[in-house]
Amino acid sequence: MKQFEGIYPAIITPIDEDEEINEKALAQVIEKTIGQGVSGFYVSGSTGESFLLRDEQRVQLIKAVCAIVDGRCDVIANIGTFSTRASIKMANAAAECGVTAISAVPPFYFSYSKREIVQYYFDIAEASGMPVILYNIPKMSGVSFGTEELVELLAHDGIVGVKQTTMDLMQTEALVRTCRDKAVFNGHDEILLPALSVGVRASIGSTFSIMADVFVQLKKAFDAGDMERARYLQGKGNGMIRTLLEIGIFPAIKGVLKLQGIDCGNCIKPFQPLRPEDYQKLEKALVDLYGG
Ligand code: NGF
């Protein structure tokens, strides 16, 4: 079974003024982060504003990322959407684009039963034949997976991992220990170091698009047993994350990329453009992170 290890930016979706995908900026973000040592990309996720994109835009995005990456690292595509049938259609399209694996946010809005959610994942895995990574993001999806439920899902041959966008490190530790042949991804960048300490080997995160180097170095320091440096780097990253969260994480990430010289446009409305005072805060956070 494929081993997933390292830092995976949950990539933003650059758009132009008409809210169409800007593939040139996408390529710039990908090249910058590959240069910083990432292991792959998580595309069409929350950070990618996937639920604000039209279906054909999601496919365009996945196709563009696969073409730009061109086999240099992994591409994981979130294909989850409102119905099982639509998710399978998106999974098949992603498979044709050449992704390494697919991932799926649980079905939301209607409060589905556990039985319905489990079957949703089994149906996607069986119909697509693609390796599936579960997407545990209770804060946004409203679906709180229990540990036993995740273990049951992970027992399926087609389900190869889970992305834990939760602060529940007790659950993450239990999954790493119990499901040894599966990939457990950390999903909150601000707790990468604690997640590594419970045995996690890979992390998917939105802020890696702007500071992958910090987190690549953090993991290297952890692996070398240099805890002082690992803690220092987590603290550096968290300084930036505090500012991003204060402003609004996804618009703020695009704001930082703009300050770094890559104009990815705004987020899709109803997200609002950043204000001058937001840029001032981001400029300061960048100086604190990388120096003047
Ligand atoms: O933004 C959220 C919402 N989570 C992201 C990440 O898990 C999203 C996380 O990096 C993701 O993987 C995706 O795009 O699908 C946070 O932004 C970061 O830890 C700051 O809190 O929970």
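Order of appearance sets the numbers: ligands from 1, and atoms from 1 within every ligand. Remember, predicted model here, so these are calculated numbers, not experimental data.
With hydrogens left out, the protein atom closest to atom 9 (C) of ligand 1 is G187 O, 3.3 Å, a heavy atom. If you check which protein heavy atom lies closest to atom 17 (O) of ligand 1, you get S206 OG, 2.7 Å. At the shortest separation from atom 13 (C) of ligand 1 among protein heavy atoms lies Y135 OH, 3.1 Å.
Residue-environment remark: CZ (R54) exceeds the threshold of 12 foreign heavy atoms within 6.0 Å. The 12-atom threshold is not exceeded at CG of D157, counting heavy atoms of other residues, nucleotides or ligands nearer than 6.0 Å.
Atoms of ligand 1 found under 4.0 Å from any heavy atom of T47 (numbered from 1 in listed order, with element): 8 (C), 11 (C), 13 (C), 14 (O). Counting atoms of ligand 1 from 1 in the listed order, those under 4.0 Å from a heavy atom of A10 are 11 (C), 12 (O), 13 (C), 14 (O). Below 4.0 Å from some heavy atom of Y42 lie the following atoms of ligand 1, by number and element: 15 (O). Those atoms of ligand 1 that come under 4.0 Å of a heavy atom in S46, given as number and element, are 13 (C), 14 (O), 15 (O). Atoms of ligand 1 lying under 4.0 Å from any heavy atom of I204, numbered from 1 in the order shown and given with element: 12 (O).
Salt-bridge formation is detected for the pair D278/R275: a Lys NZ or Arg NE/NH1/NH2 atom is positioned less than 4.0 Å from an Asp or Glu carboxylate oxygen. Between K254 and D263 there is no salt bridge, since none of the side-chain N atoms of the basic residue sits less than 4.0 Å from a carboxylate O of the acidic one.
In this structure, L245 is part of the shell of residues with a heavy atom less than 4.0 angstrom from ligand 1. The closest approach between a heavy atom of F250 and any atom of ligand 1 is below 4.0 Å.
With a 4.0 Å heavy-atom cut-off, ligand 1 is reached by the side chain of I249 but not by its N, CA, C or O.
Nearest-heavy-atom check against atom 4 (N) of ligand 1 across T165, I191, T13 picks out T165. Remark: among candidates M240, E190, M140, E49, the nearest residue to atom 3 (C) of ligand 1 is M140, based on non-hydrogen atoms.
Of the polar atoms of K163, at least one N or O is found under 3.5 Å from an N or O of ligand 1, judged by distance alone. Not a single N or O atom of T207, backbone or side chain, sits closer than 3.5 Å to an N or O atom of ligand 1. Remark: ligand 1 and G205 share no N or O pair separated by less than 3.5 Å (distance only, no angle test).
Residues K284 and L286 form no side-chain contact, since every pair of their non-hydrogen atoms from C-beta on lies 4.5 Å or further apart. Between K219 and D223, the closest side-chain pair of non-hydrogen atoms falls below 4.5 Å. You'll find the side chain of V143 stays beyond 4.5 Å of the side chain of Y112, heavy atoms only.
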- request: Mind running side-chain hydrogen bond (donor to acceptor under 3.5 Å, both in side chains) on T33 and Q36 for me, showing each step along the way?
  value: CA-CA 5 Å; T33 46; Q36 292 176 333; 5.9 Å; no
query = Can you list the steps and then say if Y135 with Y42 is a ring-ring contact (aromatic ring centres under 6.0 Å, His included)?
reply = CA-CA 11 Å; Y135 192 171; Y42 190 82; 5.7 Å; yes
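When every heavy atom of L169 is checked against every heavy atom of A195, the shortest pair comes out as CD2-CA, 3.9 Å.
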